[in-house]
Amino acid sequence: MPDWLLISDIDGTLTGDDRALSKLMTLLETHQDRVGFGVASGRSLALIKDATRDYDLLEPAPIIAGVGSEIHGHGGIGEAYRAHIDEAWERERSEVTLRDVPGLTLQAADAQTEVKLSFNTVGNVLPAVKKVVAKAGLELSLIHSHNKFLDVLPKQASKGQAVRFVSEYYNISLKWIVVAGDTGNDADMLTCGAKAIVVGNYAPELLPLLQDKAIYVAKAHHAAGVLEGLNYHGVFREK
């Protein structure tokens with residue numbers, strides 16, 4: 001592995017400023033012996049591959065897909081992570097428990113996977129969801145973003161937990177991993193112990209995190225904000 005590893009959300013974090021994104025990709029390519037590039041997205045693996053092509057991204061490795069429900073990378077990490085998160089996952093019972101909660105509507109079949117349930121939400125449904133989940137005795141990871149999407153994953157799965165798994169699996173300290181995001185589904189990744197960047201176009205749901213001095217809040221938006229944060233964290237300086 002390189003000395004540093006950038007793991008970034010895609011939509012709204014990398015995308016939105018084509019010129020800055022091109023500059024970022026060129027810089028990462030130039031320094032690829034020292035700085036690795038991975039992504040952590042709510043997208044499926046297939047849609048991440050589409051984004052890699054459409055936005056002319058470097059080939060990411062690792063790929064954290066499905067809001068942290070999957071990892072794809074070298075050395076069998078995907079199988080190891082799946083075994084890790086499968087331990088207490090009760091997918092069918094979770095779906096039955098949640099499908100009648102007012103304000104929750106199950107998304108289309110292509111949004112669902114064996115390790116992720118995805119819902120559309122209306123209103124402040126999270127307290128009701130947590131109450132129903134607790135009453136059922138389920139242990140789940142609940143990821144609410146944009147105030148309109150809820151992803152339900154095994155308790156051990158999320159973007160942040162996936163980043164920590166990558167750190168342990170590849171034996172790269174979190175202090176040499178930089179994560180970047182812009183919405184609520186990035187929240188636990190931004191607080192997982194890695195160096196963190198919140199780009200300037202962040203969603204209001206991240207406001208409670210911005211008092212954390214470990215998180216760098218960029219003035220610039222999208223990929224320009226990622227570049228700003230990488231500079232702040234000293235990624236392109238020698239250790």
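Computed from heavy atoms alone, side chains included, the values below leave out hydrogens, waters and symmetry copies.
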Kindly state each residue pair satisfying side chain to side chain donor-acceptor pair (under 3.5 Å) with at least one member in residues 194-210, sequence neighbours excluded.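 For residues 194-210, and leaving out neighbouring residues, the side chain to side chain donor-acceptor pair (under 3.5 Å) pairs sorted by first residue read Asn201-His222.
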
Any residue meeting side-chain contact (heavy atoms from CB on, under 4.5 Å) with Arg99, in chain and number order, not counting sequence neighbours: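 By the side-chain contact (heavy atoms from CB on, under 4.5 Å) rule, Arg99 matches Val96.
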
Should the ring pair Phe165 and Tyr169 be called parallel, tilted or perpendicular, given that the plane angle runs from 0 to 90° and is split at 30 and 60?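 Parallel: the ring planes of Phe165 and Tyr169 meet at under 30°.
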
With under 30° as parallel and over 60° as perpendicular, where do the rings of Trp4 and Trp176 fit, or are they tilted in between?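 Correct class here is perpendicular.
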
Looking at Tyr55 and Leu14, would you say the former's side chain and the latter's main chain have a donor-acceptor pair under 3.5 Å?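 No: the side chain of Tyr55 does not pair with the backbone of Leu14.
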
Just checking [X]: does its [atom1] atom have more than 12 heavy atoms from other residues, nucleotides or ligands closer to it than 6.0 angstrom?
X	atom1	value
Glu92	CD	no
Arg19	CZ	no
Tyr170	OH	yes
Asp18	CG	no
Asn171	CG	no

Phe119: which residues meet the ring-ring contact (aromatic ring centres under 6.0 Å, His included) condition with it, sequence neighbours left out?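 Per chain and number, Phe119 pairs via ring-ring contact (aromatic ring centres under 6.0 Å, His included) with no residue.
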
Running the 4.5 Å side-chain criterion over Ile, Leu, Val, Met, Phe, Trp and Tyr, what cluster does Val67 land in, apart from itself?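 Other cluster members: Ile143, Leu153.
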
List in chain and number order the residues that pass side-chain hydrogen bond (donor to acceptor under 3.5 Å, both in side chains) with Asp9, two or more places apart in sequence or in another chain; answer none if no residue qualifies.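 Only Thr13, Lys159 meet the side-chain hydrogen bond (donor to acceptor under 3.5 Å, both in side chains) criterion with Asp9.
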
Are any of the side-chain heavy atoms of Thr183 and Leu206 separated by less than 4.5 Å?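 SC-SC contact between Thr183 and Leu206 ruled out.
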
Please report the interatomic distance OG(Ser145) to CG(Asp186), rounded to the nearest 0.5 Å.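 Output value for this atom pair is 8.5 Å.
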
Nearest 0.5 Å, please: how far is OG in Ser8 from CG in Leu28?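 That separation rounds to 9.5 Å.
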
Under-4.0 Å salt bridge between Arg164 and Glu168: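 Salt bridge: no.
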
Distance alone, cut at 3.5 Å: any donor-acceptor contact between the side chains of Glu228 and Tyr216?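 Their side chains do contain a donor-acceptor pair, which is all the 3.5 Å distance test asks for.
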
Who pairs with Arg82 by salt bridge (Lys or Arg N to Asp or Glu O under 4.0 Å), at least two apart in sequence or on another chain?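 Testing Arg82 for salt bridge (Lys or Arg N to Asp or Glu O under 4.0 Å), a comparison that skips the adjacent residues, returns Asp86, Glu114.
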
Report the residue from Ile71, Leu5, Ile7 that forms a side-chain contact (heavy atoms from CB on, under 4.5 Å) with Val163.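 It is Ile7; the other options fail the test.
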
Exactly one of Val39, Leu57, Ile64 should register a side-chain contact (heavy atoms from CB on, under 4.5 Å) with Ile48. Which one does?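 The residue from Val39, Leu57, Ile64 that satisfies side-chain contact (heavy atoms from CB on, under 4.5 Å) with Ile48 turns out to be Val39.
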
